[in-house]
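In what follows, a single structure is set out as structure tokens and then discussed.
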Protein chains: 2
Amino acid sequence: MSARTSPDSSRDIPEATVARLPIYLRALTTLSEQGTSTCSSEELAVAAGVNSAKLRKDLSYLGSYGTRGVGYDVEYLRYQIAREIGVTQDWPVVIVGIGNLGQALANYSGFRSRGFRVVALLDADPARRDEVVAGIEVQAFDNLEQIVKDHDVAIGVIATPAVAAQDVADRMVACGVTSILNFAPIVLSVPEQVDVRKVDLSIELQILAYHEQRKAATA
Amino acid sequence: MSARTSPDSSRDIPEATVARLPIYLRALTTLSEQGTSTCSSEELAVAAGVNSAKLRKDLSYLGSYGTRGVGYDVEYLRYQIAREIGVTQDWPVVIVGIGNLGQALANYSGFRSRGFRVVALLDADPARRDEVVAGIEVQAFDNLEQIVKDHDVAIGVIATPAVAAQDVADRMVACGVTSILNFAPIVLSVPEQVDVRKVDLSIELQILAYHEQRKAATA
DNA sequence: AGGAGTTTGTGAACGGGAGAACAAAACGAG
DNA sequence: CTCGTTTTGTTCTCCCGTTCACAAACTCCT
Ligand SMILES: NC(=O)c1ccc[n+]([C@@H]2O[C@H](COP(=O)([O-])OP(=O)(O)OC[C@H]3O[C@@H](n4cnc5c(N)ncnc54)[C@H](O)[C@@H]3O)[C@@H](O)[C@H]2O)c1
Ligand SMILES: NC(=O)c1ccc[n+]([C@@H]2O[C@H](COP(=O)([O-])OP(=O)(O)OC[C@H]3O[C@@H](n4cnc5c(N)ncnc54)[C@H](O)[C@@H]3O)[C@@H](O)[C@H]2O)c1
């Protein structure tokens with residue numbers, strides 16, 4: 001194999017591409033499990049549900065990891081994407097709010113297998129204290145600072161009711177958490193250097209409802 | 001109040017705008033609960049976490065529902081957006097796969113309050129049968145067709161393991177479901193007229209990890 | 001009534017992403 | 001070694017979405 005182009009690590013990858021890299025990663029893992037050792041951009045694009053030209057352009061931002069006339073080495077490409085995203089190492093994660101959703105998240109095995117490790121489950125309700133969810137003891141929310149410091153946690157997950165979410169976010173930010181995944185239906189305000197991503201189930205359903213309504217109207 | 005412009009209902013609203021309308025709707029509901037009866041585009045934009053110019057342009061696709069020099073009537077605008085999205089009526093929804101996540105979804109009260117009604121919980125595992133989650137009895141997956149027909153269900157939620165998701169989707173489509181919200185980490189293939197939206201927790205975390213890694217690198 | 005002050009609705013400029021299309025590179029056959 | 005085949009990496013074009021900036025419209029005050 002000849003020398004691969006591997007651009008300097010300070011280039012910036014378009015946000016739209018970053019959002020798709022995890023999808024490619026998953027598709028490559030699936031291919032790998034099926035025993036496929038090589039694949040073309042077309043095959044991978046189908047597996048990931050995207051256009052093959054778009055896939056190739058996305059990959060070109062990372063470097064030149066394919067072989068013309070042949071395709072991509074599944075394992076090699078998978079490693080390169082994982083390295084680019086940063087999931088070759090394990091990210092410690094803390095989950096706050098161990099209600100319906102928090103418990104489901106804690107029990108989710110896809111966490112561990114994709115580069116994330118739940119180091120603590122926190123809840124403000126004393127009644128939940130010492131409950132064990134997914135093999136992890138639920139602790140007092142006040143332990144947040146200690147845990148973040150001890151495990152060097154950068155990523156926090158918020159699964160509390162909406163009214164508590166901003167408070168929790170503020171506390172997280174104060175402790176040094178710089179990335180937040182928020183499930184509460186509220187717009188969090190945080191300092192600029194902190195990344196927030198929101199997952200909102202009812203927004204997704206409402207988008208479906210809109211299209212559903214239009215289908216019904218034109219039918 | 002003078003005549004409002006209300007464009008013919010068959011214009012097409014940009015997808016990016018559709019995705020934000022539910023956010024505006026939620027912000028308006030919050031304002032309404034706080035007793036605010038009127039708001040400017042700037043206030044609403046702050047509450048929704050977007051740029052005010054973008055907000056105004058988004059709203060302009062629906063019609064001209066504001067008053068220059070004054071702002072928007074909260075209740076009126078809220079109703080108009082709800083009508084546009086289609087959540088003035090109730091949408092019946094069926095959830096398939098009542099495991100960790102499915103149970104959390106079934107217990108989620110935000111469903112009902114935002115225009116959706118869970119009409120059935122289905123699971124393939126006979127051990128779950130007759131369990132009652134959130135006041136609804138878990139039924140056999142084979143009841144899908146009957147339920148979809150009886151309640152005229154258009155929207156289905158998939159919370160099964162990845163391996164089962166495509167099968168479930170196929171069955172849903174065969175029954176007449178035309179919108180699917182998929183939580184399984186897999187790319188579903190469905191006929192063109194069926195809408196699929198995907199919620200993928202680990203993708204969200206991986207995107208955060210990417211940015212986190214970059215922060216660490218430049219620090 | 002008129003003018004000052006506000007805020008909407010939208011035209012226009014701009015930037016980024018999507019997809020088509022193709023040149024460059026690798027490989028295999030003869 | 002040369003030619004044909006395959007598939008990548010990249011350029012170019014187009015389109016969508018964002019943002020600016022301002023005229024139009026409305027209120028309030030004098
Ligand atoms: N359940 C779902 O499927 C679902 C879906 C979409 C969004 N959500 C959102 O996710 C959030 C959690 O939903 P849920 O159904 O798990 O609610 P829940 O009421 O079951 O759980 C919330 C948990 O947060 C804890 N909590 C409250 N205040 C806290 C604080 N200040 N600090 C730490 N912990 C605190 C509570 O003790 C409770 O255990 C809500 O904002 C909800 O709107 C839930
Ligand atoms: N738990 C989470 O927080 C979480 C987060 C993100 C994504 N997910 C994804 O959501 C899905 C569900 O996760 P979970 O943790 O609830 O899993 P789970 O194993 O707890 O539940 C899955 C349920 O689906 C049922 N099921 C299996 N095959 C079925 C079929 N063919 N028809 C109907 N029902 C069937 C099972 O009986 C089980 O009750 C998985 O694909 C998972 O990857 C879960």
Side-chain angles (χ1 to χ4, degrees), chain A residues 1-8 11-21 23-24 27-28 31 36-74 76-78 80-81 84 207, chain B residues 1-8 11-21 23-24 27-28 31 36-74 76-78 80-81 84 207:
Chain A
M1 225 171 254
S2 61
R4 305 282 190 178
T5 314
S6 156
D8 72 302
R11 83 240 87 114
D12 56 330
I13 297 178
E15 199 50 39
T17 297
V18 171
R20 281 187 295 267
L21 290 179
I23 303 176
Y24 303 152
L28 285 166
L31 286 174
T36 312
S37 65
T38 290
C39 72
S40 68
S41 63
E42 183 60 35
E43 289 172 281
L44 184 52
V46 169
V50 302
N51 179 297
S52 71
K54 181 153 63 177
L55 169 71
R56 287 199 301 278
K57 182 179 273 194
D58 283 341
L59 295 183
S60 76
Y61 290 114
L62 313 192
S64 184
Y65 296 131
T67 305
R68 295 176 191 220
V70 178
Y72 301 92
D73 182 290
V74 172
Y76 183 66
L77 183 58
R78 191 164 76 94
Q80 293 299 339
I81 294 179
E84 187 67 39
I207 295 171
Chain B
M1 222 170 258
S2 61
R4 307 279 189 178
T5 315
S6 156
D8 73 300
R11 84 240 86 117
D12 56 332
I13 296 178
E15 198 50 38
T17 297
V18 171
R20 282 188 294 266
L21 290 180
I23 303 177
Y24 304 152
L28 286 166
L31 286 174
T36 311
S37 65
T38 290
C39 72
S40 68
S41 63
E42 184 60 35
E43 289 171 280
L44 184 53
V46 168
V50 302
N51 179 297
S52 71
K54 180 152 63 178
L55 168 71
R56 287 200 301 277
K57 175 149 281 192
D58 283 342
L59 294 184
S60 76
Y61 290 113
L62 313 191
S64 185
Y65 296 132
T67 307
R68 297 178 190 214
V70 178
Y72 301 92
D73 181 289
V74 172
Y76 182 65
L77 183 59
R78 193 165 76 93
Q80 293 299 338
I81 294 179
E84 187 68 40
I207 294 171

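Per chain, numbering begins at 1; letters A, B, ... match sequence-line order. Values in this document were obtained by computation on a predicted structure and should not be read as measured data.
Nearest approach of L28(B) to C39(B), heavy atoms of both residues: CD2-SG, 4.4 Å.
In this structure, D12(B) places its CG atom 12 Å from C1' of dC16(D), rounding to the nearest Å. One interatomic measurement links the two molecules: OH of Y65(B) to P of dG9(C), which rounds to 11 Å at whole-angstrom precision. As rounded to whole Å, 16 Å separates atom C1' of dG9(D) from atom CD of E42(A). Distance L59(B) CG to dT8(C) C1': 10 Å, rounded to the nearest Å. Taking atom CG of residue L55(B) and atom C1' of nucleotide dT10(C), one finds them 14 Å apart after rounding to whole Å.
The side-chain heavy atoms of L59(B) and Y24(B), taken from C-beta on, include a pair separated by under 4.5 Å. In this structure the side chain of L44(B) reaches within 4.5 angstrom of the side chain of L77(B), judged on heavy atoms.
The nearest heavy atom of DNA chain D to G69(A) and to A53(A) marks one nucleotide each, and the one closer to the 5' end goes with G69(A).
Atom CD of Q80(A) is separated from atom OH of Y72(A) by 12.5 Å, given to the nearest 0.5 angstrom.
The side chain of T67(A) contributes no N or O atom lying less than 4.0 Å from OP1 or OP2 of dA26(C). Dashed line: the shortest gap from a side-chain N or O of S41(B) to OP1 or OP2 of dT8(C) is under 4.0 Å. Within the 4.0 Å cut-off from OP1 or OP2 of dG9(C), at least one side-chain nitrogen or oxygen of Y72(B) is found. At the phosphate of dT7(C), neither OP1 nor OP2 sits under 4.0 Å from any side-chain N or O atom of S40(B).
Remark: S40(A) engages E42(A), E43(A) in a side-chain contact (heavy atoms from CB on, under 4.5 Å) (not counting sequence neighbours). Scored by the side-chain contact (heavy atoms from CB on, under 4.5 Å) test, K54(A) finds R20(A), V50(A), N51(A), D58(A) as partners (sequence neighbours excluded). Residues passing the salt bridge (Lys or Arg N to Asp or Glu O under 4.0 Å) test with R56(B): none are found, sequence neighbours excluded.
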Tabulate atom names and distances for all N/O pairs under 3.5 angstrom spanning the protein and nucleotides 22-24 of chain C.
residue: dA24(C); atom: N3; partner: R68(A); partner atom: NH1; Å: 2.7

Problem - Test side-chain contact (heavy atoms from CB on, under 4.5 Å) applied to L21(B) and L62(B), step by step - result: CA-CA 10 Å; L21(B) 290 180; L62(B) 313 191; 4.1 Å; yes
Problem - side-chain contact (heavy atoms from CB on, under 4.5 Å) evaluation trace for E15(B) with I207(A) - result: CA-CA 9 Å; E15(B) 198 50 38; I207(A) 295 171; 4.0 Å; yes
Problem - Contact state string [nucleotides 13-18 of chain C, B base, S sugar-phosphate only, - no protein heavy atom under 4.0 Å] - result: ----SB
